[in-house]
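Atoms considered below: every heavy atom in the structure, side chains included; atoms not considered: hydrogens, waters and symmetry mates.
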Amino acid sequence: MEREKTCCFTGHRPQNLGWKQAEQDLRRILMEERLALEVERAYLQGYRHFITGMARGSDLLAAEAVLRAKSLHPDIWLEAAVPCKDQSRHWPRAEQAQYEHILARCDQAPDYLPDYDEGCMMRRNRYMVEKSSRIIAIYNGRSGGGTKKTLLMAVEEGLDIIILDPEDPMEGA
């Protein structure tokens, strides 16, 4: 796929999202709607390839939004940038099931996965940024970690950056 038509996602894990895992929290519901809106906007602007890092929280929400859009636009391509074997091994069972369900519906996933090591997540993030021209981030502006580092990479690479506030998902919509 062409970089100009590729969009990736980054964002916080559940512990850094105000709603954590609460599916009925209004902020989560609004974030799902906002992700759907941003994926549709990207599609209308020519984006066809979307990459998710398949991490808990934001990545899985974004992947679900892309899969919903794919039901309307079959030419959408969803890639799972899985960083290591057994990524979901220690997750709660419900999230493991969600992960497997999404992975089975992706158009592309790695054939070979290395064992976990300290740098595998950042290598995955670098891969996504280098393959994309746009990044959609669920970022609270405060927490550091992988989301902030990935956004800094995106700035260095000159990506179009869209930041969604997990506390006010419809801000700027």
Side-chain angles (χ1 to χ4, degrees), residues 1-21 28 31 35 38-39 42 47-67 70 76-166:
M1 286 285 180
E2 298 173 43
R3 184 176 191 183
E4 297 78 32
K5 295 181 181 184
T6 301
C7 175
C8 66
F9 301 93
T10 191
H12 297 303
R13 305 293 196 280
Q15 63 270 21
N16 290 319
L17 297 169
W19 64 79
K20 307 236 186 295
Q21 293 295 90
R28 179 187 170 124
M31 183 58 72
L35 282 166
E38 293 302 334
V39 169
Y47 288 85
R48 297 297 183 268
H49 184 196
F50 295 85
I51 307 174
T52 175
M54 295 296 290
R56 295 178 64 218
S58 300
D59 287 3
L60 296 182
L61 284 176
E64 293 280 9
V66 172
L67 289 170
K70 188 175 174 64
I76 285 178
W77 184 268
L78 180 59
E79 177 180 352
V82 179
C84 60
K85 283 187 234 177
D86 301 323
Q87 179 180 9
S88 66
R89 181 180 49 188
H90 299 295
W91 296 4
R93 288 201 187 278
E95 286 176 286
Q96 288 178 1
Q98 180 187 23
Y99 175 92
E100 292 300 328
H101 182 71
I102 291 169
L103 195 56
R105 295 167 59 206
C106 285
D107 298 291
Q108 182 179 345
D111 292 330
Y112 166 78
L113 289 171
D115 291 327
Y116 174 84
D117 67 66
E118 281 188 37
C120 69
M121 302 299 178
M122 288 312 295
R123 283 192 301 276
R124 181 256 337 260
N125 296 346
R126 165 106 15 231
Y127 167 83
M128 293 191 310
V129 166
E130 289 177 350
K131 296 290 183 185
S132 302
S133 65
R134 175 176 288 175
I135 188 167
I136 299 172
I138 300 175
Y139 180 59
N140 64 19
R142 296 179 306 277
S143 300
T147 300
K148 185 173 185 175
K149 290 176 185 173
T150 303
L151 284 169
L152 290 173
M153 279 189 259
V155 168
E156 289 173 12
E157 290 286 328
L159 271 64
D160 177 28
I161 299 172
I162 297 169
I163 296 178
L164 311 180
D165 181 351

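- Of all heavy-atom pairs between Ala63 and Leu78, the closest is O-CD2, 4.0 Å.
- Side-chain N or O atoms of Ser58 include none that pairs as donor or acceptor with a backbone N or O of Thr10 at under 3.5 Å.
- The distance from atom CG of Asn16 to atom CZ of Arg142, rounded to the nearest 0.5 Å, is 9.0 Å.
- Put simply, OG1 on Thr147 and CZ on Arg13 are 6.5 Å apart, with the number rounded to the nearest 0.5 Å.
- Between Met128 and Met153, every side-chain heavy-atom pair lies at or beyond the 4.5 Å cut-off.
- Annotation for Tyr116 and Cys120: closest pair CD1-SG, 3.5 Å, computed over non-hydrogen atoms.
- For the atom pair Ile138 CD1 and Ile162 CD1, the distance stands at 12.0 Å (nearest 0.5 Å).
- Using a 4.5 Å heavy-atom cutoff, the side chains of Glu64 and Gln98 are in contact.
- The side-chain contact (heavy atoms from CB on, under 4.5 Å) search around Lys85 returns Leu113, Asp115, not counting sequence neighbours.
- In this structure, the side chain of Ser88 does not engage the main chain of Gln96 through any donor-acceptor pair within 3.5 Å.
- Of all non-hydrogen atoms in Ala154 and Ile135, the two that sit nearest each other are CB-CG2, 3.8 Å.
- Evaluation of the side-chain hydrogen bond (donor to acceptor under 3.5 Å, both in side chains) rule for Glu157 yields Arg3 as partners, not counting sequence neighbours.
- Heavy-atom minimum distance, Cys8 versus Val129: SG-N, 4.3 Å.
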* Asked: Step by step, would you call Thr150 with Tyr139 a side chain to side chain contact (heavy atoms under 4.5 Å, CB included)?
  -> CA-CA 11 Å; Thr150 303; Tyr139 180 59; over 6 Å; no

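- Taking CD of Glu2 as the start and OG of Ser133 as the end, the distance is 10.0 Å to the nearest 0.5 Å.
- The main-chain N or O of Cys106 is never found under 3.5 Å from a side-chain atom of Glu79 such that the two would form a donor-acceptor pair.
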Would Met54 and Arg124 count as a side chain to side chain contact (heavy atoms under 4.5 Å, CB included) if you check the C-alpha gap in whole Å, the side-chain angles of each, and the deciding distance to 0.1 Å? CA-CA 10 Å; Met54 295 296 290; Arg124 181 256 337 260; 5.7 Å; no

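- The structure places CZ of Arg134 at 10.0 Å from CG of Leu159, a figure rounded to the nearest 0.5 Å.
- The salt bridge (Lys or Arg N to Asp or Glu O under 4.0 Å) pairs that include a residue from residues 96-113 are Lys70-Asp107, where partners are two or more places apart or lie in different chains.
- Phe9 and Phe50 have parallel rings, their planes meeting at less than 30° on a 0 to 90° scale where 60° marks the start of perpendicular.
- In this structure, the side chains of Val82 and Leu103 come closer than 4.5 Å at one or more pairs of heavy atoms.
- Here the straight-line distance linking atom CD of Glu95 with atom CG of Leu60 works out to 7.0 Å at 0.5 Å rounding.
- Leu35 and Ala62 make their closest contact through CD1-N, 3.9 Å (heavy atoms, listed as atom of the first residue, atom of the second, distance).
- Heavy-atom minimum distance, Tyr47 versus Glu4: CE2-O, 3.6 Å.
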